[in-house]
Amino acid sequence: MTKRVPTMLSEVYYLADKDWLFPALMVTLGASFLPLMLEAGGLECMAFLTCVGIIFVGAAPAYLDENQRTIHKCGAITAAIASVAWACSINALPTVLFAALAAVLCIWKLRYWLFIVECCAILNIVTTLFI
């Protein structure tokens with residue numbers, strides 16, 4: 001396994017020695033978030049789109065492959081937008097705080113801005129679920 005910080009979460013697929021690890025993680029994450037997010041309430045359609053988007057990222061992990069790039073990008077963008085909408089429909093405060101944290105970290109480590117934003121988005125979901 002290459003030891004460096006990825007510039008985005010999806011880059012783990014290419015950095016890991018095991019090409020099944022990233023897809024398994026994304027599919028498991030999306031599938032396990034869905035019942036929790038639906039139970040928490042809020043905009044249920046956004047919860048569904050968030051989880052489906054994450055699962056699509058896992059189903060098409062090779063974003064450098066022209067055949068998978070569109071599926072991967074659409075899944076990632078859908079998950080990002082829907083997760084913010086879902087989290088804000090429950091409680092906007094964690095989303096605002098994670099956005100501020102992401103902004104500060106991105107200024108500090110500009111090269112890793114996408115990785116930072118993706119990690120903050122996932123932490124936002126988890127925080128919203130458990131507060």
Side-chain angles (χ1 to χ4, degrees):
M1 180 174 220
T2 305
K3 294 184 179 171
R4 69 175 182 85
V5 177
T7 55
M8 63 179 149
L9 202 53
S10 298
E11 195 175 358
V12 170
Y13 175 74
Y14 291 104
L15 294 176
D17 291 335
K18 297 167 178 54
D19 60 355
W20 57 267
L21 184 63
F22 179 76
L25 175 66
M26 291 294 105
V27 171
T28 302
L29 195 64
S32 54
F33 274 174
L34 185 58
L36 298 171
M37 291 172 76
L38 291 174
E39 184 180 319
L43 292 171
E44 292 179 348
C45 61
M46 293 297 128
F48 179 76
L49 288 173
T50 298
C51 295
V52 168
I54 293 170
I55 291 169
F56 269 63
V57 167
Y63 63 90
L64 295 178
D65 180 346
E66 200 170 312
N67 296 322
Q68 293 188 27
R69 181 178 303 130
T70 303
I71 296 167
H72 187 93
K73 279 186 174 181
C74 288
I77 292 167
T78 300
I81 294 168
S83 70
V84 169
W86 172 81
C88 285
S89 73
I90 300 219
N91 184 354
L93 182 60
T95 304
V96 171
L97 294 175
F98 277 111
L101 175 64
V104 169
L105 291 174
C106 286
I107 291 169
W108 183 46
K109 293 285 186 181
L110 185 59
R111 178 170 186 234
Y112 304 107
W113 73 271
L114 188 54
F115 181 73
I116 291 167
V117 170
E118 290 171 331
C119 289
C120 283
I122 291 171
L123 289 173
N124 183 41
I125 293 170
V126 172
T127 302
T128 302
L129 282 171
F130 295 107
I131 60 168

Checklist entry - For E11, what residues pass the salt bridge (charged side-chain N to carboxylate O under 4.0 Å, His left out) criterion, not counting sequence neighbours? => result R4

Would you name the heavy atoms of [X] and [Y] that are closest together and state the gap between them?
{"X": "I54", "Y": "G30", "value": "CG2-N, 3.8 Å"}
{"X": "V117", "Y": "C106", "value": "CG2-SG, 4.0 Å"}
{"X": "F56", "Y": "G75", "value": "CB-CA, 4.1 Å"}
{"X": "L43", "Y": "A85", "value": "CD1-O, 4.1 Å"}
{"X": "A82", "Y": "L49", "value": "CB-CB, 3.7 Å"}
{"X": "L129", "Y": "A40", "value": "CD2-CB, 4.1 Å"}

Atom [atom1] in [X], atom [atom2] in [Y]: separation rounded to 0.5 Å?
{"X": "S32", "Y": "L29", "atom1": "OG", "atom2": "CG", "value": "5.5 Å"}
{"X": "M37", "Y": "T50", "atom1": "CE", "atom2": "OG1", "value": "4.0 Å"}
{"X": "L93", "Y": "I131", "atom1": "CG", "atom2": "CD1", "value": "7.0 Å"}
{"X": "D19", "Y": "Y14", "atom1": "CG", "atom2": "OH", "value": "10.5 Å"}
{"X": "T7", "Y": "W113", "atom1": "OG1", "atom2": "CH2", "value": "10.0 Å"}
{"X": "F33", "Y": "I122", "atom1": "CZ", "atom2": "CD1", "value": "6.5 Å"}

Checklist outcome for this item: Residues passing the ring pair (Phe, Tyr, Trp, His ring centres under 6.0 Å) test with Y112, sequence neighbours excluded, are none

Are [X] and [Y] grouped together when hydrophobic residues (ILVMFWY) are joined by side-chain heavy atoms under 4.5 angstrom apart?
{"X": "F22", "Y": "V27", "value": "no"}
{"X": "I116", "Y": "V5", "value": "yes"}
{"X": "W108", "Y": "L101", "value": "yes"}
{"X": "V96", "Y": "V126", "value": "no"}
{"X": "I90", "Y": "I81", "value": "no"}

Heavy atoms, side chains only, cut-off 4.5 Å: are [X] and [Y] in contact?
{"X": "M26", "Y": "L9", "value": "yes"}
{"X": "Y63", "Y": "V57", "value": "no"}
{"X": "L34", "Y": "I55", "value": "no"}

Item to check | side chain to side chain donor-acceptor pair (under 3.5 Å) contacts touching residues 70-99 (sequence neighbours left out) | outcome: S10-H72, T95-N124

